[in-house]
Amino acid sequence: MFVAQELRKQNIAEYLLYMWQVEDIIRAYDCSLTRLRREYINRFDYADEQKEEMIDWYGNLITMMNQEGRREQGHLQINQIVLQDLAELNSQLLNSTKFPFYNAAYYKVLPFIVELRQKAGGQSVSENEIETCLNALYGTMLLRLQQKEITPNTAHAIKEITTFIGLLSDYYLKDKTEGIDFGEE
């Protein structure tokens with residue numbers, strides 16, 4: 001919860017990846033707040049008040065997962081909205097002539113996006129390009145946690161995707177704090 005609050009202010013992509021991890025943690029504990037509290041939250045060295053805040057936060061997420069039918073898979077609506085905001089910002093940046101560096105980064109990762117979709121066997125066709133990138137980053141994170149090998153080609157693709165998503169996150173923050181002028185010069 002505390003990590004999520006900070007990430008949301010600093011890097012929206014990292015926030016979203018963190019929230020996807022939280023969804024998976026909740027699933028790992030069978031969407032049981034009792035188990036989550038006993039086996040997960042109690043391991044943290046937080047004051048009692050902070051632990052209660054965490055319990056409330058996880059409890060609310062569990063309720064949402066149950067109500068939205070996300071106990072087994074998928075992402076919460078609150079996370080899908082953030083993802084949609086990123087996709088819309090991506091589209092605005094690409095449709096403007098004011099962001100050539102961003103456009104160049106996008107076209108640099110586009111072949112990787114196409115390849116990822118092909119490898120998924122068409123399952124990810126309904127995903128927007130930003131979701132495909134974030135899924136690649138999340139999948140790589142899981143591979144690293146499992147200490148599984150990441151091929152040099154995959155590592156290169158992930159490096160490029162990371163740079164692109166980092167740019168998008170920076171523009172997201174700028175848009176939320178200062179606003180971005182997308183108009184023509």
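Just so you know, these numbers come straight off a predicted model, no measurement behind them.
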Next item on the list: Take atom CZ of Phe44 as the centre, draw a 6.0 Å sphere, and report whether it contains more than 12 heavy atoms from other residues, nucleotides or ligands.
Entry: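 For Phe44, atom CZ is crowded (more than 12 foreign heavy atoms under 6.0 Å).
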Next item on the list: For atom CD of Gln146, decide whether the heavy atoms of other residues, nucleotides or ligands shown that lie under 6.0 angstrom number more than 12.
Entry: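 Yes, enclosed.
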Checklist line | Steps toward side chain to side chain contact (heavy atoms under 4.5 Å, CB included) verdict (His75, Leu83) | finding: CA-CA 10 Å; His75 301 298; Leu83 182 60; 5.9 Å; no
Could you see if [X] belongs to whatever hydrophobic cluster contains [Y]? Use Ile, Leu, Val, Met, Phe, Trp, Tyr and a side-chain cutoff under 4.5 Å.
| X | Y | answer |
| --- | --- | --- |
| Tyr58 | Val3 | yes |
| Leu17 | Ile81 | no |
| Leu16 | Leu173 | no |

Checklist line | Sequence-distant partners of Tyr102, ring-ring contact (aromatic ring centres under 6.0 Å, His included), two or more places apart | finding: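 By the ring-ring contact (aromatic ring centres under 6.0 Å, His included) rule, Tyr102 matches Phe164, Tyr171.
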Counterpart residues, side-chain hydrogen bond (donor to acceptor under 3.5 Å, both in side chains), relative to [X] (two or more places apart):
| X | value |
| --- | --- |
| Lys174 | none |
| Gln92 | none |
| Glu129 | Tyr106 |
| Ser169 | Asn11 |

Notebook entry, point to check: If we ignore angles and hydrogens, is there a donor and acceptor under 3.5 Å between the side chains of Ser91 and Asn95?
Noted result: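 Note: Ser91 and Asn95 side chains meet the donor-acceptor criterion.
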Find the distance between [atom1] ([X]) and [atom2] ([Y]) and round it off to the nearest 0.5 Å.
| X | Y | atom1 | atom2 | result |
| --- | --- | --- | --- | --- |
| Leu143 | Met141 | CG | CE | 10.0 Å |
| Leu137 | Thr162 | CG | OG1 | 4.5 Å |
| Glu131 | Leu86 | CD | CG | 11.0 Å |
| Asn90 | Ile165 | CG | CD1 | 7.5 Å |
| Lys108 | Glu160 | NZ | CD | 4.0 Å |
| Asn79 | Met19 | CG | CE | 4.5 Å |

When you compare the side chain of [Y] with that of [X], does any pair of heavy atoms fall below 4.5 Å?
| X | Y | result |
| --- | --- | --- |
| Arg27 | Asp24 | yes |
| Ile150 | Ile158 | no |
| Tyr29 | Thr34 | no |
| Leu36 | Ile25 | yes |

Next item on the list: Keeping the roles fixed (side chain from Arg71, backbone from Asn66), state whether a donor-acceptor pair exists under 3.5 Å.
Entry: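 No: the side chain of Arg71 does not pair with the backbone of Asn66.
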Checklist line | Residue of the set Glu14, Arg8, Glu6 for which side-chain contact (heavy atoms from CB on, under 4.5 Å) holds with Gln10 | finding: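 When Glu14, Arg8, Glu6 are each tested with Gln10, the side-chain contact (heavy atoms from CB on, under 4.5 Å) holds only for Glu6.
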Item checked: Within residues 35-56 or reaching into it, pairs that qualify as side chain to side chain donor-acceptor pair (under 3.5 Å) - sequence neighbours excluded ->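 Found Asp30-Arg35, Arg35-Glu39.
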